[in-house]
Amino acid sequence: MTSSSSSGFRAAVLQLTVTADKSTNIAIAVKRIQQAKSNGCTLAVLPECFTTPYDNALFRKYAEIIPDGETCKALSQAAKSNQMYVVGGSIPELCDNKVYNTCTVWDPNGNLIAKHRKVHLFDVNIPGSTCFKESNAMSPGNTLNTFQLGKFKVGLGICHDMRFSEMAALYRKQGCDLLIYPGAFCTELGPPHWSLLIRFRALENQTFVIAASPARDTKSNYVAWGHSMVADPWGTIVEEANEKDMDLYVDLDFTLRENIKRQIPIGNQRRIDIYDTIDMKNIK
Ligand SMILES: NC(=O)CCC(=O)C(=O)O
């Protein structure tokens, strides 16, 4: 496969360091998108909250109106000048006085072709480990969102969204070939769950999965796990970053997905007749 062919394309996962300065973060992202282009990539994926330290106290301060804010202008321009698709990780979005954790997607003409507001907010309470209540600062989105990259369909989620197999299954049902999760797991929940969740979403849906994290900054209030990752429909890790500031360049060949779907045809084996008798609303 060349960097872009009928069977796939090359993707960049940009594991950049998020500083306290928004303009610096945007400039770093733009530079890394250019580098991805030089390395033959068709798609660049940025991390969750790549313009903003992951901190409830800062989300509203850093928030922007989409698509009028400085981040959207820069991503649109970067997508257009490099003739690439850009998945803009996420930024805090200000809309009707609410703040959302929102991913924007830009096509090679610089058009905004999709927007996903994080549906499942990161509210956990693990004494002695991680206590975070994202819903104190953010509002949840209420829709699932996809976009088309050539003949391939992509489903979008943000970080904690990846814990919900129901959401990924709905994307599978819609025919998604690839799921993308900008994310920022912490150093407590990253080691036990990050890789497992990514591989499982890939395996159970027979899709590729890209998860893009910020690099680890041990001086920040919220220390990201890093380990950006690409998993294939077999559940194998194709590429994994360590915790440092770095990028992954990965060739995605979707003939693998077609082969696996044919060889292990779980798409046709589901017993909806049984599942449909179970009332999901009553299952916690
Ligand atoms: N930013 C997030 O949504 C973090 C999610 C997370 O760490 C988890 O364990 O879930």
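Starting from 1, each residue takes its place in the sequence as its number. Atoms within each ligand, like the ligands themselves, are counted from 1 in listed order.
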Inset, instruction - Please write down residue, atom name and distance for the protein heavy atom closest to atom 6 (C) of ligand 1. - result: F122 CE1, 3.2 Å

Inset, instruction - Could you tell me whether Y54 approaches ligand 1 through its side chain, its backbone, both or neither, with non-hydrogen atoms closer than 4.0 Å? - result: side chain

Legend entry - F185: numbered ligand 1 atoms lying under 4.0 Å from its heavy atoms: 5 (C), 6 (C), 7 (O), 8 (C), 9 (O), 10 (O)

Legend entry - All pairs passing ring-ring contact (aromatic ring centres under 6.0 Å, His included) where residues 28-57 contributes a residue, at least two apart: Y54-F59, Y54-F132, Y54-Y222

Legend entry - Proximity to ligand 1 by part of R163, non-hydrogen separation under 4.0 Å: side chain

Inset, instruction - For H193 and ligand 1, answer yes if some heavy atom of the residue is under 4.0 Å from a ligand atom, otherwise no. - result: no

Legend entry - Proximity to ligand 1 by part of Y222, non-hydrogen separation under 4.0 Å: side chain

Inset, instruction - Indicate whether any N or O donor in one side chain lies under 3.5 Å from an N or O acceptor in the other, for N101 and S90. - result: yes

Inset, instruction - Check each atom of ligand 1 against the heavy atoms of A184 and keep those under 4.0 Å away; list them by number with element. - result: 1 (N), 4 (C)

Legend entry - Residue pairs involving residues 35-56 (criterion salt bridge (Lys or Arg N to Asp or Glu O under 4.0 Å); sequence neighbours excluded): E48-K118

Legend entry - ring pair (Phe, Tyr, Trp, His ring centres under 6.0 Å) partner of F185, chosen from W225, F122, W194: W194

Inset, instruction - Please say which of K153, K151, R257 ends up in a salt bridge (charged side-chain N to carboxylate O under 4.0 Å, His left out) with D177. - result: R257

Inset, instruction - Answer yes or no: are there more than 12 heavy-atom neighbours, outside F200 itself, under 6.0 Å from its atom CZ? - result: no

Legend entry - T143-N145 side chain donor-acceptor pair, cut-off 3.5 Å: yes

Inset, instruction - Do me a favour and list the nearest non-hydrogen protein atom to atom 3 (O) of ligand 1 with residue, atom name and distance? - result: K118 NZ, 2.7 Å

Inset, instruction - For ligand 1, find out whether one of its N or O atoms is nearer than 3.5 Å to an N or O atom of E134. - result: no

Inset, instruction - Would you mind running through ligand 1 and noting each atom that sits below 4.0 Å from a heavy atom of C159? - result: 1 (N), 2 (C), 3 (O), 4 (C), 5 (C)

Legend entry - Element-labelled atoms of ligand 1 that are located less than 4.0 Å from some non-hydrogen atom of E48: 1 (N), 2 (C)

Inset, instruction - Examine the side chains of S129 and E188 and answer whether a donor and an acceptor come within less than 3.5 Å of each other. - result: no

